[in-house]
Amino acid sequence: MEDDWKNLHLPLERPYRDDHGNHIAELLDITPAGEHIYEPKENASQGLGNKLRRIFAERGLDFFEKTLNIRTDEEVAIEQCQGKTDNKDDVNSTNNFMTMEELHRMRMEILPQLFISLGEISHARDLMASLLFSSQPAQSDPSNLSATTVSKPPPIISVQAFNSQLTIGSKDEALRKAADVFKSAAESMERGRIKDDKYWVDALKIRRGNWGLIPAPLPHGAATGKGTDRTSKDFLISYGLEEAPVIFRRKAIGCMPTYDTISDRLVFPQRHNTRLRVSVTRINVTGDQISSHNTLNKLDDHTLDGTLRAAQKEAVEQEIFSLLVQEAGSLPTASARVAERLVVIDAAQGTELRFELLDIDAVVLQNPDLEMGKEKCDLIYFSLYALLLRRHWYMKLRRLGSTGTNRLILPETAQIPPILRPIIDLLQYQVFCERIKYEMDKMVTALLKVGVPAKLRFHPVGETGRELIQIFNEDGSNVVGGEAVLTIDDRHVVRLTFSSPSSLTAHLPQATLTISSIPQLCQLLGDEIEKCLLQRICELGVDLCEPVGGTWFVDLNRCVGRWEGCVLNFHISYGRDLSINCSAFQLDKTTTQQGRLVNYSTTPSRPVLLLSWVKQLIMK
């Protein structure tokens with residue numbers, strides 16, 4: 001404001017154009033009749049001709065010839081420095097004539113002094129005349145000295161008109177500039193008022209949204225002595241989680257702009273504009289690699305609440321990523337590779353879990369309808385939030401317990417619950433269940449292929465939704481469990497139960513066994529199927545040989561049938577692809593002492609049921 005007043009001046013330059021931008025002609029005179037006489041317009045060539053004629057009229061016709069012979073003072077000095085050896089004094093003997101410029105300069109210097117002298121002499125003459133012609137020369141009466149008032153004669157009408165134009169033009173320009181200064185100051189004050197109102201309205205909106213407002217620190221260099229005003233003049237917005245580490249709470253600070261900015265958005269000095277992406281890469285049964293990512297939606301940052309939520313999401317994701325980096329090196333059942341913004345974990349066989357921080361500009365928004373396998377990645381992504389809150393809850397209990405204000409007492413040996421290990425356990429449990437189901441499906445297929453009825457009921461997750469939520473409770477001791485029931489020939493049942501990450505238990509009629517590997521599971525299923533088939537063959541033999549008084553029994557891994565003049569043994573085996581094979585050893589009057597071995601065979605074009613083949617062989 002002060003600079004504008006300093007620059008404000010009233011120039012006396014006459015205006016050249018009117019308010020409409022038209023040229024104002026120069027007024028020369030006004031006749032008694034009121035007619036205005038303006039200066040005639042002349043073109044450039046005519047003006048140049050008049051100036052040349054004045055040169056020759058005032059300075060003579062030989063003006064240009066004289067200027068050619070004039071030497072500068074520098075040339076004269078150079079000529080004197082060279083110094084001729086001869087001592088002739090003819091150089092200065094020539095007569096120097098005065099030019100018109102020198103004569104005019106001398107005249108301008110002498111005339112003011114002459115006028116001053118003339119005034120002084122006139123004043124003295126008037127004084128002497130007043131004293132000499134006085135009626136009483138002996139008395140010095142001061143009244144004889146009279147004052148004379150001299151007034152300036154009024155200018156002619158044309159000069160008065162020009163003076164009026166000059167005065168009006170200068171005042172108009174000064175008033176316009178002063179009006180512009182006041183207008184700019186008023187607009188600046190109005191902008192400041194609107195901005196102050198918006199600042200407090202935004203602060204009230206942020207507080208209404210339950211965001212934390214804290215007083216900003218005093219500016220650098222502010223007085224902090226006794227008696228000084230140490231009241232904060234600004235607000236800071238704290239959007240970090242309460243139990244987050246100090247380094248992340250310090251970064252989760254925003255402020256409302258108090259100066260002119262390009263946009264009216266909040267200012268986040270420590271924001272990095274990153275997003276956390278969860279990727280799962282798997283290799284299916286056919287050997288193809290399948291990758292999926294979690295859904296990254298575009299954040300709404302057009303409102304105050306949306307901007308703060310986006311900033312808070314970024315701060316929480318950075319805290320999650322830092323915890324993932326800390327826990328990746330201490331996983332008991334998985335290996336990990338850690339980089340600056342990338343964590344890769346070999347979670348299970350043929351399954352790779354990847355966490356990476358991507359710039360918002362580099363994030364490619366996926367189409368949720370076209371993305372395959374995104375549900376699993378979304379579940380992992382949101383489970384990390386729940387596990388982080390559980391960790392914060394535990395840390396809050398520990399902090400309040402040290403002050404004696406917490407009613408819940410944590411055990412001394414309790415550890416801070418991790419956030420990565422439950423995710424790894426669930427992925428391993430999924431792969432574990434898929435492998436169990438694959439092996440049991442092969443057994444069911446082999447039974448159906450030989451004509452033995454079989455049915456599999458497989459439930460990998462036996463808990464309800466409410467029970468699954470308890471996985472993320474305070475203690476984290478709950479695990480996911482399920483069961484599988486294999487029914488053979490509508491009479492024999494094999495029941496398996498399993499729990500995360502890879503615990504498997506077989507519940508048999510005679511015992512309960514803990515299975516520690518997939519080959520052990522295959523051996524158990526094979527033995528149970530063999531036992532069931534041999535028992536079925538034994539029952540079939542008893543029914544068929546009842547008229548002849550035959551005896552049938554199961555001896556270890558074979559079924560033995562005896563009646564008069566014949567011995568028949570059945571043995572069950574498995575092929576390379578878990579196909580069921582059966583062989584029969586026959587010893588009777590028609591065979592030699594070594595007996596005869598008969599193998600069961602079937603083809604897709606001519607299927608033969610196993611029990612039908614056994615029945616035909618016994619009937620023979």
J.: Could you tell me if His293 and Ser279 have a donor-acceptor pair between their side chains, going purely by distance under 3.5 Å?
T.: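 Yes, His293 and Ser279 have a side-chain donor paired with an acceptor closer than 3.5 Å.
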J.: Take a 6.0 Å sphere around CD1 of Ile247 and say whether it holds more than 12 heavy atoms from other residues, nucleotides or ligands.
T.: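 No, because the 6.0 Å sphere around CD1 of Ile247 holds 12 heavy atoms or fewer from other groups.
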J.: If we ignore hydrogens and angles and just use 3.5 Å, is the side chain of Gln428 paired with the main-chain N or O of Thr333 as donor and acceptor?
T.: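 Looks like yes, one N/O pair under 3.5 Å.
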J.: Should we say atom CD of Gln510 is surrounded by more than 12 heavy atoms from elsewhere, each under 6.0 Å from it?
T.: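 Yes.
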J.: Residues two or more places apart in sequence or in another chain: which of them pass side chain to side chain donor-acceptor pair (under 3.5 Å) with Asp359?
T.: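 Partners of Asp359 by the side chain to side chain donor-acceptor pair (under 3.5 Å) criterion, ordered by chain and then number, come out as Arg341.
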J.: Calculate, to the nearest 0.5 Å, the distance between atoms CG and CG belonging to Leu525 and Leu486 respectively.
T.: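 It is 7.0 Å, given to the nearest 0.5 Å.
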J.: Could you give the distance from CG (Leu384) to CD1 (Ile320), rounded to the nearest 0.5 Å?
T.: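 If I round to the nearest 0.5 Å, the distance is 5.5 Å.
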J.: Side chains of residues 542-563: which donor-acceptor partners sit under 3.5 Å, not counting sequence neighbours?
T.:
unit_1, atom_1, unit_2, atom_2, d
Trp552, NE1, Gly541, O, 3.1

J.: Would you check, one step at a time, whether the test side chain to side chain contact (heavy atoms under 4.5 Å, CB included) holds for Thr274 with Ile360?
T.: CA-CA 5 Å; Thr274 57; Ile360 293 180; 5.8 Å; no
J.: Please confirm whether the backbone N or O of His272 pairs with a side-chain atom of Glu314, one donor and one acceptor, at under 3.5 Å?
T.: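 Yes, Glu314 side chain to His272 backbone: donor-acceptor pair under 3.5 Å.
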J.: Classify the side-chain pair Gln289/Thr281 by whether it contains a donor and acceptor separated by less than 3.5 Å.
T.: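 No donor-acceptor contact under 3.5 Å links the two side chains.
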J.: Just verifying a value: how many Å separate Leu533 CG and Glu530 CD, rounded to the nearest 0.5 Å?
T.: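 One finds 8.5 Å between CG of Leu533 and CD of Glu530.
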J.: With a 3.5 Å cut-off and no angle check, do the side chains of Lys251 and Gln318 form a donor-acceptor pair?
T.: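 No, Gln318 and Lys251 have no side-chain donor paired with an acceptor closer than 3.5 Å.
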J.: Heavy atoms only: give me the nearest His492-Cys532 pair and the separation to one decimal.
T.: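 Reported closest heavy-atom pair: CB-SG, 3.6 Å.
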J.: May I ask you to check whether His392 and Glu319 show a side-chain donor-acceptor distance below 3.5 Å?
T.: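 Yes, Glu319 and His392 have a side-chain donor paired with an acceptor closer than 3.5 Å.
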J.: Could you go step by step and tell me if Asp527 and Lys531 meet the salt bridge (Lys or Arg N to Asp or Glu O under 4.0 Å) rule?
T.: CA-CA 6 Å; Asp527 293 343; Lys531 178 180 177 182; over 6 Å; no
J.: Ignoring hydrogens and angles, write down the donor-acceptor pairs under 3.5 Å from the side chains of residues 344-353, residues two or more places apart or on other chains.
T.:
unit_1, atom_1, unit_2, atom_2, d
Asp346, OD2, Ser335, OG, 3.3
Gln349, OE1, Arg435, NH1, 3.0
Glu352, OE1, Arg354, NH2, 3.3
Glu352, OE2, Arg337, NH2, 3.4

J.: Pairing donors with acceptors under 3.5 angstrom, does anything connect the side chains of Gln616 and Ser612?
T.: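 No, no side-chain donor-acceptor contact under 3.5 Å.
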J.: Could you walk me through whether Leu617 and Phe570 pass side chain to side chain contact (heavy atoms under 4.5 Å, CB included), step by step?
T.: CA-CA 10 Å; Leu617 189 60; Phe570 290 94; 3.8 Å; yes
